[in-house]
A.B. asks: 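This is the structure, below, for whatever I ask next.
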Number of protein chains: 2
Amino acid sequence: MYTDLMSTSERLIESTRDLLWERGYVGTSPKAILERAGAGQGSMYHHFKGKPDLALAAIRRTAEQLRAAAERSLEGPGTPYERIEAYLRREREVLRGCPIGRLTMDPDVIASDELRAPVDETLARIGELLAGIVEEGQRQGQFAPELDAGRIGATILATVQGGYVLARAAGSPAAFDTAVDGLLALLAPRTA
Amino acid sequence: MYTDLMSTSERLIESTRDLLWERGYVGTSPKAILERAGAGQGSMYHHFKGKPDLALAAIRRTAEQLRAAAERSLEGPGTPYERIEAYLRREREVLRGCPIGRLTMDPDVIASDELRAPVDETLARIGELLAGIVEEGQRQGQFAPELDAGRIGATILATVQGGYVLARAAGSPAAFDTAVDGLLALLAPRTA
DNA sequence: GTCTATAAGTTGATAGAC
DNA sequence: GTCTATCAACTTATAGAC
């Protein structure tokens, strides 16, 4: 519940963010949003055109925060390998899943170019960041020069997204860590 | 639509399988199932206790088929690396997502131990198969002996599951292949 | 800006006829 | 076994009062 401090519009967006993460777009009803935000129907339809419009605002904000969190890990100190490890091992609420990645399993999100765009852009951006760091590592001799940095970036990102799937299936965050450990072993610098 | 040949009970299960794949558990209503199966309310509640019971039958069948498909690729001919490649490159309807993996993003599936069990067991089984093949490759000197086979198996499975996420986000199956290509490069046998 | 009232359609399930 | 009727609750949205 976001009943204090924030404006009604803010509370609606934050409530929607929570529910999209927890239940997805299809599983989130306006009623549930309004209850969590402590607002009435009128407020929602005053500030937003409807459920898709409110969801878009929520998704955009979540996408922006995820991108920023990824950049914090990836643009931190350390060698390329260390920065990739920092990204892979950064604190996550693994069993909640990726707040952006999970939206790709939402049929109504995928059916809407507008709702899908921030999801696509965010994952593409993180993939590019990862690819850039792999390239940097190649220039420093840390990674094999024959690797395609773009592909490795995609593999790293896929391992993270798939790690969430395995962890939720198993009901345990350890499954995420196992997949990450395997990837890090495969990426381990030649001169360790 | 499954209006011919099958029994009503079969048509209900097959319709549910389709819809669970397409829209997930939360996004699938009994009404939609009945329309697709060409059956009335009474048939569904005669053969099944309700939506969760019908979904369980559908999920179990899909899980079994996915396990069998994975085994066909992984227990085929070729070196360990070649069998892993065959599994990774086997024909998939990438943009539809993994019919089992996608269920992990369904809150009602994850909330039910009964519905989650076949999902967990299927992914665990495929992960074990992969780990076994990695071990075999290690014995043959194809993969580095210091790798933890269980972890690498998890990484391979995670890359596949994450590949679906990236492809659906991008709206293109190519994103799946890119992640797989990166993984295969990292797994490439020493004596290529 | 926010609220309640209202509405047409859907959800998931039960009852009972055939 | 299969069907339709019925049900209370929910979904998404509009109208209009305050």
Side-chain angles (χ1 to χ4, degrees), chain A residues 1-59 103 106-112 114-115, chain B residues 1-59 103 105-112 114-116:
Chain A
M1 292 267 204
Y2 299 98
T3 34
D4 307 358
L5 301 166
M6 291 180 219
S7 68
T8 299
S9 162
E10 277 299 302
R11 294 199 317 272
L12 286 167
I13 292 176
E14 290 302 314
S15 299
T16 304
R17 269 157 41 82
D18 280 358
L19 285 164
L20 285 181
W21 194 357
E22 195 179 314
R23 301 198 42 85
Y25 182 86
V26 166
T28 295
S29 70
K31 190 192 182 196
I33 294 169
L34 296 172
E35 271 171 13
R36 191 170 295 220
Q41 291 268 81
S43 296
M44 171 174 150
Y45 286 99
H46 172 75
H47 292 286
F48 302 95
K49 276 178 270 179
K51 179 181 168 180
D53 189 43
L54 174 51
L56 181 57
I59 292 173
L103 297 173
D106 237 303
D108 293 1
V109 171
I110 293 306
S112 157
E114 217 179 358
L115 291 179
Chain B
M1 290 266 205
Y2 299 98
T3 35
D4 309 357
L5 300 169
M6 290 180 222
S7 69
T8 300
S9 160
E10 276 300 302
R11 293 200 318 271
L12 286 168
I13 292 177
E14 289 302 313
S15 299
T16 304
R17 270 159 37 84
D18 280 356
L19 285 163
L20 286 180
W21 194 357
E22 195 179 314
R23 303 197 42 85
Y25 182 87
V26 166
T28 295
S29 70
K31 190 190 181 197
I33 294 168
L34 296 171
E35 273 171 12
R36 190 170 295 220
Q41 290 268 82
S43 296
M44 171 175 152
Y45 285 99
H46 172 75
H47 292 286
F48 302 95
K49 276 178 269 179
K51 179 181 168 181
D53 189 43
L54 173 51
L56 181 58
I59 291 172
L103 297 174
M105 296 305 147
D106 237 303
D108 292 0
V109 171
I110 294 304
S112 157
E114 216 178 358
L115 292 178
R116 184 172 58 80

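Letters A, B, ... are given to chains in the order of the sequence lines, protein chains preceding strands, and every chain is numbered from 1.
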A.B. asks: Let me know the distance between NE2 of A:His46 and C1' of C:dT2, rounded to the nearest Å.
C.D. replies: 9 Å
A.B. asks: For the pair made of CZ in B:Phe48 and C1' in C:dG12, what is the distance, rounded to whole Å?
C.D. replies: 16 Å
A.B. asks: From CG of B:Leu12 over to P of D:dG1, roughly how many Å is that when rounded to an integer?
C.D. replies: 13 Å
A.B. asks: Any idea which of C:dG1, C:dC3, D:dT11 is nearest the A:Pro30 side chain?
C.D. replies: D:dT11
A.B. asks: Quick check for you: to the nearest 0.5 Å, what is the distance between B:Thr16 atom OG1 and B:Arg36 atom CZ?
C.D. replies: 9.5 Å
A.B. asks: Roughly how many Å is it from CG in B:Asp108 to P in C:dT11, rounded to a whole number?
C.D. replies: 14 Å
A.B. asks: Please report the interatomic distance CE(B:Met44) to OG(B:Ser9), rounded to the nearest 0.5 Å.
C.D. replies: 12.0 Å
A.B. asks: Can a side chain N or O of B:Thr8 be found less than 4.0 Å away from OP1 or OP2 on D:dT2?
C.D. replies: yes
A.B. asks: Select from A:Lys49 and B:Ala39 the residue whose nearest nucleotide in DNA chain D is closer to the 5' end of that strand.
C.D. replies: B:Ala39
A.B. asks: Reckon B:Gly42 touches a base, only the sugar-phosphate, or nothing at all at heavy-atom distances under 4.0 Å?
C.D. replies: base
A.B. asks: Between C:dA15 atom P and B:Met44 atom CE, what is the distance in whole Å?
C.D. replies: 15 Å
A.B. asks: Using 0.5 Å steps for rounding, measure from the CG atom of B:Asp106 to the CG atom of B:Leu115.
C.D. replies: 9.0 Å
A.B. asks: Would you kindly give the NZ-to-C1' distance between B:Lys51 and C:dG12, to the nearest whole Å?
C.D. replies: 8 Å
A.B. asks: What do the steps show when you test B:Arg116 against B:Leu103 for side-chain contact (heavy atoms from CB on, under 4.5 Å), and what is the final call?
C.D. replies: CA-CA 8 Å; B:Arg116 184 172 58 80; B:Leu103 297 174; over 6 Å; no
A.B. asks: Should A:Ser29 be listed as having a side-chain N or O under 4.0 Å from OP1 or OP2 of D:dT11?
C.D. replies: yes
A.B. asks: Within the structure, does a side-chain N or O atom of A:Lys31 lie under 4.0 Å from either OP1 or OP2 of D:dC10?
C.D. replies: yes
A.B. asks: Just how far, in rounded Å, is C1' of D:dG1 from CD of B:Glu10?
C.D. replies: 16 Å
A.B. asks: How long is the span from the NZ atom in A:Lys51 to the CG atom in A:Asp53, to the nearest 0.5 Å?
C.D. replies: 13.0 Å
A.B. asks: Can you check the A:Tyr45 OH to C:dA7 P distance for me, whole Å?
C.D. replies: 17 Å
A.B. asks: What's the closest nucleotide to the side chain of B:Gln41 if the choices are C:dA13, C:dA5, D:dC3?
C.D. replies: C:dA13
